[in-house]
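Since the structure comes first, as structure tokens, the remarks are kept for the end.
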Number of protein chains: 2
Amino acid sequence: MTASQPPRRTRSAAGGLLSSSDVGTANRARVLQSLLESGPASRAELARRVNVQRATLSTIVTGLLQAGVLVEEDARPHAGGAGKPARPLSFAPEALLSGAVAVSRGAVETAVVDARGVLPARHRDHLPTTCGRAELERRVLEAAEGVFAAYRGRLRGIGLTVPALCDPEAGVVLSCTAVPGLEGTALPRALATRFDAPVRLEQDVRAFAIGEKWFGQGRGRTDFAALQVDVGVGAGVMLPGHLLEGVRGYTTQLGHTCIDPDGARCSCGLRGCWETVASTRWLRAEAARRGVVGGRGTSPRRLGARAAAGDAGARALLADYADNLAIGMANLVQLLSVRFFIVHGDVVHAGEDFRRLLHERVVARSMPALADGIEVLFSELDQDAGLLGAAATVLSHHLGDTPAPAHDHL
Amino acid sequence: MTASQPPRRTRSAAGGLLSSSDVGTANRARVLQSLLESGPASRAELARRVNVQRATLSTIVTGLLQAGVLVEEDARPHAGGAGKPARPLSFAPEALLSGAVAVSRGAVETAVVDARGVLPARHRDHLPTTCGRAELERRVLEAAEGVFAAYRGRLRGIGLTVPALCDPEAGVVLSCTAVPGLEGTALPRALATRFDAPVRLEQDVRAFAIGEKWFGQGRGRTDFAALQVDVGVGAGVMLPGHLLEGVRGYTTQLGHTCIDPDGARCSCGLRGCWETVASTRWLRAEAARRGVVGGRGTSPRRLGARAAAGDAGARALLADYADNLAIGMANLVQLLSVRFFIVHGDVVHAGEDFRRLLHERVVARSMPALADGIEVLFSELDQDAGLLGAAATVLSHHLGDTPAPAHDHL
DNA sequence: CCTGATTTGGTGGACTCTCGGACATATTCA
DNA sequence: TGAATATGTCCGAGAGTCCACCAAATCAGG
């Protein structure tokens with residue numbers, strides 16, 4: 001590898017055979033992955049982690065150093081035993097920059113994110129839900145302009161996340177009840193041309209999952225589900241080596257799986273969707289029906305506080321809600337043996353007691369052979385979940401999730 | 001590549017980085033895959049299919065010819081246009097032999113299968129469901145001995161399929177209500193040592209899916225679900241590039257996802273599992289309750305016949321049953337955008353009218369954005385589904401499903 | 001203060017692949 | 001008979017990893 005960084009071809013993108021040069025990019029990605037997941041390490045340490053010769057790793061690393069992606073820190077004060085002191089490698093500041101655009105009900109957030117999860121620039125704009133398509137696109141592009149302008153040409157890609165059923169390969173939003181203006185939007189293409197960077201469209205819940213994997217509690221973990229529990233419900237499921245995806249890469253719609261054939265009608269047109277009993281809308285409607293706490297104007301936070309204070313009505317309502325949530329979560333256990341859940345959304349404000357309750361109900365609704373070791377956590381990414389997720393989507397696409405070839409020798 | 005077939009190393013199995021030689025095995029596998037999926041083809045045709053230089057493909061093919069896996073047919077009578085006539089390549093008879101052992105409720109089937117889906121040897125034995133573990137293993141090994149003895153040393157692997165929740169990586173049967181003697185069985189190891197071949201343990205429904213992909217109606221299709229509808233229900237879902245699998249490769253248990261929180265108790269201990277209303281047990285019990293046709297002794301075939309003859313009771317019962325089945329199937333549509341279903345099991349005897357009914361109900365229960373183009377087929381593999389599936393499991397593991405590296409250049 | 005054990009990082013040659021272009025071959029069409 | 005077209009092969013270049021050494025830095029012990 002010369003110092004002049006020859007423009008690397010990307011044959012594999014065409015879907016053809018693997019070639020020797022693809023091996024290079026795949027392995028470079030593996031190294032960066034390890035660095036992301038398990039933190040800085042010396043060359044020798046990295047070589048052990050990814051199970052490769054030190055020599056090989058050395059050549060990979062020198063390439064990345066020259067490219068300015070990694071930096072070499074000073075030798076550390078020597079850990080234990082003898083030997084030449086290791087020189088840890090870590091990501092350079094502002095390495096692997098990616099743009100993040102997270103559209104949600106009522107707001108657009110925009111940011112630039114680097115490989116360490118640092119956000120050197122960010123912004124948040126209000127977005128009226130009644131916005132038409134053209135108006136919405138104008139606002140989003142304007143917001144992006146403000147944040148991305150200073151980084152033009154340095155973004156490896158832009159992650160655009162939306163609360164919708166979409167086809168990430170084609171970059172098409174198929175159906176979106178939360179922000180109607182998004183349906184059929186041309187934003188992916190518009191962002192790509194405006195900032196000359198590849199754009200990855202992704203569903204919000206799936207982005208949460210990817211974000212948790214690189215920057216949150218999913219770090220170093222191969223499999224877990226990220227749940228969004230708010231006015232809608234959904235899940236992004238991370239399995240060993242990849243994100244769960246449907247045909248053509250379609251995003252999953254756990255919220256609209258049927259859990260009660262005679263249930264209430266859902267906004268999607270079907271009957272008995274999990275969302276009808278698991279969203280915070282149900283919680284509010286039910287509070288009103290039962291005459292609990294704030295009625296329709298209540299919130300998970302208020303209910304949690306009242307339950308903690310001993311309010312029997314609030315406590316009963318939350319117990320029922322936990323059970324409702326547990327139905328869909330347990331279905332993931334049965335279907336995919338997922339045992340680790342990271343919950344996002346308004347519901348995390350219901351408090352620790354609710355988390356324990358939820359955990360208990362999920363265990364109770366899971367097959368005995370799979371119920372051991374189930375964990376339910378509330379996300380700690382908080383405000384940044386959406387943006388980090390959007391950025392991680394880009395990162396994940398660059399780095400791939402190395403597909404361990406399962407072939408035997410032939 | 002010399003004629004002496006040097007023993008190829010299998011580094012990638014260790015989980016390390018990819019190396020150039022891994023590229024070789026992956027590409028060889030790709031070629032064989034294309035041959036399996038799309039039938040015989042000339043070198044040039046293959047090169048176009050897998051998107052590679054003719055020269056490269058030539059070297060790959062000569063290796064496979066020398067190894068006796070492929071054979072070169074005579075030049076075909078010339079299709080269209082000018083040019084040197086192509087010489088099609090196809091699998092040699094008895095190429096890529098694998099052993100198949102399918103244990104089901106009441107029977108063990110054993111066979112040897114080649115790459116074309118031909119079964120040069122097969123056998124079927126009765127297997128009492130009350131069998132203890134030791135007795136069961138003895139019977140299965142004996143059956144295998146009879147069929148595999150003549151092929152010792154020529155089997156690339158043995159596929160063992162069971163109606164159970166299992167961990168294919170570890171080769172462990174975790175939970176099995178249909179054939180209790182299987183739980184915790186040592187059969188995988190026993191078969192491996194006895195016949196000196198790697199053994200792949202797999203859940204029956206997932207094997208159905210793989211079998212359909214290589215040898216049945218799933219041929220050339222990237223995504224579909226194979227359903228088993230019998231005294232139990234389940235599904236194996238094939239997605240682009242891989243079979244749906246849970247954490248650690250655990251098999252999926254669609255039959256035990258909850259579709260009615262207040263439903264009947266299931267054999268697994270939970271409540272409202274899909275299986276409680278979708279298995280033919282429900283059909284029989286409900287027939288008895290309603291006093292339809294043969295009551296508890298009825299069958300899908302008899303019900304279908306009576307419905308076709310105009311029996312209103314049979315017709316109503318089948319309609320309800322179709323709707324019950326549709327709930328779980330539509331959940332797969334919502335969750336994974338699966339649109340193509342291949343149904344196995346006793347229910348296929350209910351007839352064409354029932355198939356149409358089922359299709360209609362699945363469409364009705366699917367999200368509008370995903371309901372287009374849904375198809376429901378009855379499997380045509382029939383008697384061979386189990387054995388071909390078991391064999392295809394081995395094949396699939398050898399050939400992998402080439403993981404198209406999604407990385408961009410780095 | 002020197003020596004050996006130990007660990008880190010670098011170098012050069014061998015090996016395994018695919019790629020790209022040039023070349024021989026076989027068949028059809030004018 | 002000759003041009004056009006398509007198939008199959010040969011050979012050198014390029015990319016990457018592996019392996020076996022070698023140099024550098026640190027620590028323990030005499």
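Here is the naming used below: chain letters follow the sequence lines, and residue numbers restart at 1 for every chain.
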Rounding to an integer number of Å, can you tell me how far [X] [atom1] sits from [N] [atom2]?
| X | N | atom1 | atom2 | value |
| --- | --- | --- | --- | --- |
| A/I60 | D/dG16 | CD1 | C1' | 9 Å |
| B/L57 | C/dT18 | CG | C1' | 12 Å |
| A/R30 | D/dG16 | CZ | P | 17 Å |
| A/R43 | C/dT7 | CZ | P | 18 Å |
| A/R49 | C/dT8 | CZ | P | 13 Å |
| A/L64 | C/dG9 | CG | P | 15 Å |
| A/Q53 | D/dT17 | CD | P | 12 Å |
| A/D22 | D/dA15 | CG | P | 13 Å |

Which pairs, protein N/O on one side and nucleotides 22-26 of chain C N/O on the other, fall under 3.5 Å?
from	atom 1	to	atom 2	distance (Å)
C/dA26	N3	B/K84	N	3.4

Looking only at side-chain atoms of [X], point me to the closest of [options].
| X | options | result |
| --- | --- | --- |
| B/V23 | C/dG20, C/dT18, D/dC19 | C/dT18 |
| B/S58 | C/dT11, D/dG16, D/dT9 | D/dT9 |
| A/A55 | C/dG9, D/dT7, C/dT11 | C/dT11 |
| A/A44 | C/dG20, C/dG9, D/dT17 | C/dG9 |
| A/T59 | D/dT17, C/dG10, D/dC18 | D/dT17 |

Exercise. Who passes side chain to side chain donor-acceptor pair (under 3.5 Å) against A/R189, sequence neighbours left out?
Worked result: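 Checked A/R189 against side chain to side chain donor-acceptor pair (under 3.5 Å); zero matches.
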Problem set entry | Those residues that, when tested against B/R154, pass side chain to side chain donor-acceptor pair (under 3.5 Å) (two or more places apart) |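 With neighbours one apart ignored, the set is B/E94.
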Problem set entry | B/L32/B/F91 under side-chain contact (heavy atoms from CB on, under 4.5 Å): CA gap, chis, key distance, verdict | CA-CA 9 Å; B/L32 294 178; B/F91 281 103; 3.8 Å; yes
Problem set entry | hbond_proxy B/S19 side chain to D/dT17 base (donor-acceptor, 3.5 Å cutoff) |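 Looking at the base of D/dT17, it does not pair with any donor or acceptor on the side chain of B/S19 (distance under 3.5 Å).
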For this session: Would you indicate whether the side-chain heavy atoms of A/P168 and A/E245 approach each other to under 4.5 Å?
Result: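 Result no, sub-4.5 Å side-chain heavy-atom pair not found.
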Exercise. So do B/L35 and B/L70 actually touch side chain to side chain, heavy atoms under 4.5 Å?
Worked result: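 Contact flag for B/L70/B/L35 side chains = yes.
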Problem set entry | A/S34-A/R49 side chain donor-acceptor pair, cut-off 3.5 Å |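 Indeed, the side chains of A/S34 and A/R49 share at least one donor-acceptor pair under 3.5 Å.
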Exercise. Which residues pass the side-chain contact (heavy atoms from CB on, under 4.5 Å) test with B/A47, sequence neighbours left out?
Worked result: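 B/A47: side-chain contact (heavy atoms from CB on, under 4.5 Å) contacts with B/V52, B/R54, B/L57.
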Problem set entry | Partner residues of A/S58 under the side-chain contact (heavy atoms from CB on, under 4.5 Å) criterion, sequence neighbours left out |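 A/R43.
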Exercise. When you measure from the centre of the six-membered ring of A/F340, is the NZ or CZ of A/R221 under 6.0 Å away and within 45° of the axis?
Worked result: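 So A/R221 does make the cation-pi contact.
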For this session: Specify the angle, to 10°, made by the local axes at the two ends of the helix from C/dC1-D/dG30 to C/dA30-D/dT1 when five pairs are taken at each end.
Result: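 The two end axes of the helix from C/dC1-D/dG30 to C/dA30-D/dT1 meet at 10°.
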Exercise. Is any side-chain N or O of B/R28 closer than 4.0 Å to OP1 or OP2 of C/dT18?
Worked result: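 False: B/R28 side-chain N/O out of range (4.0 Å or more) of C/dT18 OP1/OP2.
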Exercise. Is the phosphate of D/dT17, meaning OP1 or OP2, less than 4.0 Å from a side-chain N or O of A/N27?
Worked result: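 Yes, A/N27 has a side-chain N/O under 4.0 Å of OP1/OP2 on D/dT17.
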Problem set entry | A/E45 CD to A/L89 CG distance, which is reported to the nearest 0.5 Å |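 Here the rounded value is 11.0 Å.
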